[in-house]
Participant: 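Have a look at this one.
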Amino acid sequence: MHIFKTTVGLAGGALAAIAMSVQMVAADEIGRVRAVSDRTTFEECSACHMAYPPALLPAASWERIMATLSDHFGEDASLDPKTTKHIRDYLVANAGRVPRGVDPASPPLRIDEMPWFRHEHGSRTFARAKSDPNIGSIANCAACHRGVDRGYFDD
Amino acid sequence: MTRSTLILVGALAALASAAVAADRRAIISAYGDPAGFSAARGKAFFEARHTGGKPETPSCTTCHTANPRAEGRTRAGKPIAPMAVSANPERFTDPAKVEKWFRRNCNSVLGRECTAKEKGDVLTYLSSL
């Protein structure tokens, strides 16, 4: 609970930033980012981490991620070719736009390297995510954003 | 519930559990003669710091912890169900799943495939707890 409150506190003054990020990651009109709706994608990706909504990265990022699964941020996350293609096609078809300030030719592969993400999660949040055993990683969205499985990040 | 219903439910549960144990034995046997596998060797392998793999994951225990009866945690912060069969009876009942994760994790931790003997030892260890 205290984690949640702290996060709300950190983000509390950043309503404008949230509005900006919602616009940038192509959320729908109520501020919801569409959660993963493909079953195979959900099952495979969420084996290790949250199944990140495809709109959080542009197509070029997903293409590169799916082409380099055998070294996926320091782990072998490879899949058979058929499953890889299925997931790649889903992610690319539902990818987000290239956000402002990002090189369209080589967008980041990590969501936490996107300018809008850095804008909303300051260095203190990054440090806290790493040091707090209840969070463990900045990639663990659900530790603080409780509605995340349904695509709600605005808490 | 009547007594006969209870007995029936108990018998069905015992049958299901026996079937699962048979599946697990078949998976271990596919790697070699179970008599040749060693839980002690599996434990040492599971707990060792290996070289040759990715620097982020030097050991099985990086994510699974040294206590396989407890939950582990992925590097992204997500819980991993216990590896010990005693704590998680669903473990090692789906051969495709077992092979998928040995393929990925042996490459991450050791930078190579695990041998059939290493796999048999680890499964024997985790089934023995």
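These numbers come from the heavy atoms of this one structure, side chains and all, not from hydrogens, waters or symmetry mates. Predicted model only: the values in this text are computed from it and were never measured. A note on names: the letters A, B, ... follow the listed sequences, proteins ahead of strands, and every chain is numbered from 1.
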Participant: May I ask you to name which of A:His72, A:Met50, A:Glu44 has the most heavy-atom pairs under 4.5 Å with chain B?
Facilitator: A:Glu44
Participant: Is it the side chain or the backbone of B:Arg73 that comes within 4.5 Å of chain A heavy atoms, both, or neither?
Facilitator: side chain
Participant: Is it true that A:Glu75 and B:Arg75 have a side-chain N and a carboxylate O under 4.0 angstrom from each other?
Facilitator: yes
Participant: Between B:Arg25 and B:Phe92, is NZ or CZ placed under 6.0 angstrom from the six-membered ring centre and within 45° of the ring axis?
Facilitator: no
Participant: What are the two closest heavy atoms between B:Cys114 and B:Lys119, and how far apart are they?
Facilitator: O-CE, 3.5 Å
Participant: Does the distance from a Lys or Arg side-chain N to an Asp or Glu carboxylate O, for A:Arg39 and A:Glu43, drop under 4.0 Å?
Facilitator: yes
Participant: Using a cut-off of under 4.5 Å for heavy-atom pairs, which of A:Ser137, A:Gly136, A:Cys48 has the most such pairs with chain B?
Facilitator: A:Cys48
Participant: Relative to chain B, which of A:Leu79, A:Leu69, A:Ile138 shows the most heavy atom pairs under 4.5 Å?
Facilitator: A:Leu79
